[in-house]
Structure formats: C-alpha cells, structure tokens
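Okay, structure first, notes after.
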Amino acid sequence: MRKMTANTTSIKTENDNKQNGLVVVEMEHLKKSFGNILVLRDINLVINKGENLVILGKSGTGKSVLIKCIVGLVEVDEGKLVILGQNISELKNKELIEIRKKIGFLFQGGALYDSMTVRENLEFPLKRQLLSVPKDTMNSLVKEALQNVGLAKAIDLWPSELSGGMRKRLGLARTLILKPDIMLYDEPTTGLDPITSKEISHLILEVQKKYNTTSIIITHDIACAKLIANRIIVLKDGICAAEGSYTDLKNSADAWIQSFFE
Amino acid sequence: MENVISQQSPNEHQEAETIPESFSENIPDSLFNKFFLEVYSLTIFTLRFFKEVFKPPYEFNELMKQSFLIGYRSLPLVAITGFIIGLVLTIQSRPTLAKFGAESWLPAMVAVSIIREIGPVITSLIFAGKVGSGIGAELASMNVTEQIDAMQVSCTNPFKYLVVTRVLSATLMLPLLVIFSDTIGLLGSFVGVNLKGNVSTYLFFSQIFQSLEFNDLFPAFIKTFFFGFAIGLIGSYKGYNSNTGTEGVGKAANSAVVFASLMVFIIDMIAVQVTSFFQN
Ligand SMILES: Nc1ncnc2c1ncn2[C@@H]1O[C@H](COP(=O)(O)OP(=O)(O)OP(=O)(O)O)[C@@H](O)[C@H]1O
Ligand SMILES: [Mg+2]
C-alpha cells in the first residue's frame with residue numbers, strides 16, 4: 001500500500017478532534033460494489049470540521065460513488081460511515097432528511113431541473129428545506145446566490161439556454177444557497193476556462209471561511225486543488241492510495257502520484 | 001448472467017424496493033422470466049404508489065401543474081381526433097344502415113359506439129402516445145441527468161413529487177378528456193349526418209339522448225379512470241426505472257407507449273366482462 005503516513009501527529013489531532021466533536025465525516029473499511037464490479041474496497045477516512053479535502057483519482061475509480069455514499073444516495077455494502085455523529089446506514093428516512101439538510105451536493109453534471117427556470121431551480125431547495133420562507137428573503141437569497149457566481153442576468157432563462165460553464169455555475173449557486181455545513185463538490189471546475197475556474201475556487205474558499213463549512217472537492221484541476229486543499233487523498237483501486245498536503249504529494253517519491261501534478 | 005431488475009434501477013432511489021439480488025440472480029435469463037420479473041417490479045412500483053399517495057405531505061402545487069400540462073395541453077389533439085372519428089364513423093355507417101332502411105338510426109348508433117367504446121379507447125390511445133411517452137421520456141432524462149438524485153438531496157421524496165403527481169393527474173384528466181372528446185365526436189357526427197341529409201340540431205341530439213342509457217354512460221366513464229391510471233403508472237414506471245444512459249430515454253418513452261396501449265386494451269376487455277356481468 002502506498003499510504004503516506006507523512007505526519008504521525010495528524011493522527012493524534014484527529015483523536016483530539018473526535019473528542020471535541022469536530023469530526024464531521026468518518027469512514028471505516030467502507031466497501032461498495034455494483035454487481036460484480038468492486039468500486040470501493042476499503043476506504044478509511046476522517047474529515048474534520050472546516051477542512052477542505054480534495055479527492056484525486058483517475059476516471060472511474062469511484063470518486064463520485066464515494067461522495068454519494070455520504071448523502072445516502074448510494075448505500076454502502078460494508079463498513080462504518082458516520083456523518084455529523086450519526087451512522088448513515090442505521091438512519092430512518094426522517095433522520096436521513098435532517099442530515100441531508102446540512103449537506104450540499106454539487107453534481108458532476110449540475111443536475112439542473114430542466115422543467116424549471118434558473119430562478120425556480122434556486123428556489124426549489126429553499127422551499128423544500130426551509131419550508132416557510134418569506135418571498136422577500138427568498139428573492140434576495142436567489143439574487144445573492146446568482147451574483148456570487150456571476151449569473152445575475154440569467155435569472156429568467158431556462159437551463160437549456162445556458163452554456164456548459166453557466167450550467168456548472170448555476171449548479172454551484174443552487175448548492176451554496178442553503179449554506180450547508182458540509183459541501184460536496186463533484187468536479188466544480190471541470191469544463192470551465194482557467195479564469196472562471198479560479199473564480200470558482202476562490203468562491204469555494206470564501207464560503208468555507210465565511211461559514212466554516214467542511215468541503216470535499218473532487219477535481220482533476222490541480223490549480224484548484226493547490227488553491228483550496230488542506231489535504232489531498234488519491235483514490236486508486238478502491239482504496240486511498242495516498243494522502244497528504246499538496247506539497248507532500250507533489251514531492252512524493254511515487255511517480256504515479258507525481259503524474260497527477262504534472 | 002444479466003440481472004434485469006437491478007440493472008434497470010441503478011440509482012437506488014430512496015426506499016426503492018428492488019428485487020433481492022440472490023432472488024433474481026438464480027433465474028435464467030429467458031424472455032419468459034424477464035416478463036415475470038417485469039410484472040413483479042411493476043407490482044412493487046404500484047404498491048409503492050398506493051403507499052405514498054395517502055402519506056402527507058401532499059404535493060398539491062405540482063399536482064395542479066401536472067394536471068394543467070397533462071390535461072389542458074392534450075385538448076387540441078383529443079379534439080381533432082374526436083371530431084374526425086365522429087365524422088368518419090357516421091359517413092361509413094350510413095350505407096349499411098341505408099341498406100336496411102334504418103338511416104334514421106344513424107345518430108343513435110354512432111352515439112352509442114362513440115360513447116361506449118370508440119371515444120374512450122381512441123382517446124386513451126392518443127393519450128398514451130402523448131402523455132405516457134412524455135412522462136416516460138421526462139422521468140428517464142431526469143434519471144440520466146441525476147435530477148432525481150438532486151431532488152432527494154434537497155429533502156424531496158422524488159417518488160411523491162414526480163410519480164404520484166403524474167399518475168394522479170393522468171387518472172383524473174383522462175376521464176375529462178374523454179368526455180370532451182366524445183362531445184366533439186358527436187359534433188363531428190352531426191356534421192357527417194348533415195353532409196347527405198338534413199337533420200336539425202334539436203332532432204339530432206334528442207335522438208341521441210333518447211337512445212342513450214345509464215348503462216351506456218356510467219361504465220364507459222368509470223373505465224377511463226383505469227385507463228388514465230394505467231397510462232400514468234406505466235409511463236412513470238418506465239421512466240423512473242430507466243437505464244442510466246441517453247439511449248434509456250428513448251427506450252423508456254417507446255416501451256411506455258407500447259405497454260400502456262396494450263394495457264388500455266386489456267383493461268377494456270376486463271371492463272366489458274365486468275359490465276356485462278352486472279347487466280345480466
Ligand atoms: N449506479 C451505478 N450502477 C452501476 N455501476 C455504477 C453506478 N455508479 C457508478 N458505477 C460504477 O462505479 C465506478 C465508479 O464510478 P464513479 O462515477 O464514482 O467514477 P468517478 O471516479 O467519479 O469517475 P469520473 O472522474 O469519470 O467522474 C464506475 O466503474 C461505474 O461504472
Ligand atoms: Mg465522477
């Protein structure tokens with residue numbers, strides 16, 4: 001196994017954090033397969049509050065599946081998965097909903113609702129999760145969210161009228177509008193130009209600082225990873241093949257890991 | 001071997017009741033077994049519908065929106081086909097009735113055929129083509145693009161929000177559309193009668209109302225609820241459980257129409273047995 005135990009001190013702080021209730025996500029021996037395909041073999045991961053964790057890995061290694069497990073969209077086969085102190089696989093529907101209220105999820109393809117306008121797309125999570133929101137508050141939240149991603153003018157358009165990058169940014173706005181405790185980003189900058197990518201990366205950082213959100217970011221964009229990651233893990237063959245800070249991994253002796261940073 | 005059911009629902013929608021793998025894995029992959037697996041999972045889907053439909057919260061706004069889209073938007077199509085059926089049926093029936101010197105029976109005969117059988121069935125088939133395939137394609141594409149997952153993450157029960165509302169709308173709207181279509185069909189028939197004769201509006205409609213009985217109207221009306229339910233349910237089932245791929249969208253739409261149309265005929269056959277049982 002290529003696991004880099006770069007600093008033994010980090011294990012100690014992890015334990016401290018756990019005692020202080022600062023561990024947000026905890027995975028132990030997580031396993032998931034689809035039919036005969038074993039996607040996640042043995043994932044062990046602890047994520048602390050306020051941390052920005054970046055997940056790297058080749059296409060098809062199960063990065064999206066991993067974060068879908070966290071919101072309960074994909075059921076894990078084996079292992080322990082504790083989110084905000086609650087074991088996901090033991091939760092009843094109602095409790096799962098409560099957990100989901102605290103989690104934002106940016107889907108890889110944006111998952112915009114085609115049958116709703118941009119405004120309605122943003123209002124949907126608000127209406128669904130906050131239940132009774134005054135119209136004014138809703139309006140200002142929607143406008144603020146759109147301004148954050150530079151889409152203020154698109155408010156009355158339909159998703160089909162947006163460009164690929166705009167769709168991505170709208171997806172991001174829809175996820176951020178509720179200011180969740182945990183943010184899961186599935187490739188937030190893929191398909192965007194370098195300038196917008198950078199803006200999005202800064203936005204993610206800003207959100208994290210402002211609301212002390214915990215973020216998990218799947219990305220292939222090394223510039224983005226460099227900017228936002230406190231810690232990076234590399235998935236390979238269903239396990240965390242490497243773990244460490246940006247500089248740790250960049251200077252890794254392993255040529256395969258280094259190849260991500262070229 | 002191919003695992004038909006679990007392949008069809010890879011998304012593991014919340015609470016989705018899929019067939020246990022060990023169960024479906026041991027079944028040989030023949031057409032016959034595929035058929036029964038399909039029936040099995042459709043049954044489970046139907047049971048889930050009945051479980052969710054009575055459970056609050058109710059998605060009333062979405063129900064209204066869907067009823068508008070499903071009902072109102074189908075009016076023109078249903079009107080055109082209704083009119084043509086009425087007209088053509090009248091023109092076609094005239095020579096036969098004339099042979100027996102029973103031309104004066106034309107309005108009554110056409111009215112009975114339209115209201116008892118042709119109106120409900122043709123309208124339902126058109127409805128299956130338009131609405132059944134529409135629901136199938138819409139839900140399938142929502143499935144492919146992860147919109148259904150996104151709803152779930154937004155604390156919405158997608159089955160309730162998408163499936164229950166659409167099935168209810170279809171069930172409630174089709175009977176109204178059939179009444180509308182029957183009425184237009186009778187107008188078409190009136191035009192048809194007057195192409196070669198001269199029957200006043202009053203005479204035409206009083207003849208029709210004299211010939212129609214409760215037994216003509218009531219069963220025909222009741223069965224349209226079942227047609228609507230079947231069309232909505234099958235469209236939703238095909239879309240909601242589609243393969244996650246773009247080709248899944250086309251397949252879902254296509255098989256929704258085929259399967260729903262077939263169901264219309266099957267329900268019609270059952271309905272005719274049931275009504276004749278009660279009438280005797
Ligand atoms: N619902 C599903 N049903 C069956 N197999 C699935 C499902 N979801 C994912 N997989 C399989 O799991 C594997 C990992 O998929 P995943 O989407 O997590 O990859 P990824 O690491 O996100 O790749 P990419 O960078 O291309 O997005 C793939 O082999 C995929 O075929
Ligand atoms: Mg992915």
Side-chain angles (χ1 to χ4, degrees), chain A residues 32-37 64-65 67-77 91-116 120-131 159-160 167 171 174-175 177-178 180 182-184 186, chain B residues 1-18 21-22 24-25 51-52 55-57 59-62 65-66 68-70 134-135 137-162 165-166 244-246 249:
Chain A
K32 173 72 201 175
S33 49
F34 292 102
N36 296 328
I37 311 165
S64 300
V65 170
I67 61 168
K68 278 183 187 169
C69 290
I70 295 179
V71 277
L73 282 177
V74 170
E75 262 175 66
V76 298
D77 296 339
L91 292 185
K92 294 206 190 72
N93 207 4
K94 267 196 187 138
E95 298 160 324
L96 188 61
I97 287 178
E98 284 310 308
I99 291 269
R100 280 181 178 157
K101 283 187 182 170
K102 296 174 185 155
I103 305 179
F105 196 113
L106 172 65
F107 284 87
Q108 193 163 353
L112 303 177
Y113 304 125
D114 294 324
S115 58
M116 304 181 196
E120 288 163 342
N121 259 285
L122 291 171
E123 283 175 351
F124 188 84
L126 285 176
K127 282 183 187 158
R128 291 280 146 176
Q129 298 187 26
L130 304 179
L131 298 177
S160 57
R167 294 173 67 92
R174 194 179 69 185
T175 323
I177 198 164
L178 282 162
I182 305 176
M183 278 293 318
L184 310 172
D186 200 341
Chain B
M1 73 148 250
E2 260 187 20
N3 180 334
V4 186
I5 301 298
S6 67
Q7 216 189 29
Q8 277 196 336
S9 47
N11 270 38
E12 303 198 18
H13 298 310
Q14 179 183 1
E15 295 179 82
E17 288 161 63
T18 43
E21 238 159 62
S22 53
S24 52
E25 231 158 47
K51 202 176 93 191
E52 307 250 9
K55 218 169 53 182
E59 303 285 358
F60 193 70
N61 288 338
E62 185 63 14
K65 187 179 159 192
Q66 287 307 322
F68 173 79
L69 292 177
I70 287 175
I135 294 176
E138 188 192 10
L139 295 193
S141 80
M142 290 187 78
N143 200 359
V144 176
T145 53
E146 298 182 309
Q147 291 175 54
I148 294 185
D149 284 350
M151 283 195 171
Q152 227 163 291
V153 174
S154 284
C155 306
T156 301
N157 178 344
F159 194 93
K160 237 184 158 77
Y161 189 83
L162 300 171
T165 53
R166 280 163 178 76
T244 45
T246 12
V249 178

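By convention in this document, chain letters (A, B, ...) are assigned in the order of the sequence lines, proteins followed by strands, and residues within each chain are numbered from 1.
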Closest non-hydrogen atom pair, B:E146 against A:G109: OE1-N, 4.1 Å
Heavy-atom side-chain proximity of A:F105 to B:D149 below 4.5 angstrom: no
Quick one: OG on B:S154 to CD1 on A:I97, what's the gap to the nearest 0.5 Å? 11.5 Å
Run the side-chain hydrogen bond (donor to acceptor under 3.5 Å, both in side chains) test against B:Y161 and tell me which residues pass, sequence neighbours left out. B:E62
Hey, what do you get for CZ (A:R128) to SG (B:C155), rounding to the nearest 0.5 Å? 10.0 Å
Toward chain B, the part of A:L112 with a non-hydrogen atom under 4.5 Å: backbone
Value rounded to 0.5 Å, distance of CD in B:Q152 from CZ in A:R100: 5.0 Å
Got A:F107 and B:V153 here, is their nearest side-chain heavy-atom distance under 4.5 Å? yes
Is it the case that the side chain of B:Q147 and the backbone of A:D114 share a donor-acceptor pair, with hydrogens and angles ignored and the cut-off at 3.5 Å? yes
Output all residues satisfying side-chain hydrogen bond (donor to acceptor under 3.5 Å, both in side chains) with A:Q108, sequence neighbours left out; order by chain, then residue number. A:S64, A:E187
Measure from the side-chain N and O atoms of A:Y113 to the backbone N and O of B:M151, and report whether any donor-acceptor pair falls under 3.5 Å. yes
Kindly give the heavy-atom pair with the smallest separation between A:R174 and B:A150, and that separation in Å. NH2-CB, 3.7 Å
Part of A:K127 within contact of chain B (heavy atom distance under 4.5 Å): neither
Would you call B:K65 and A:E120 a salt bridge, using N to O less than 4.0 angstrom? no
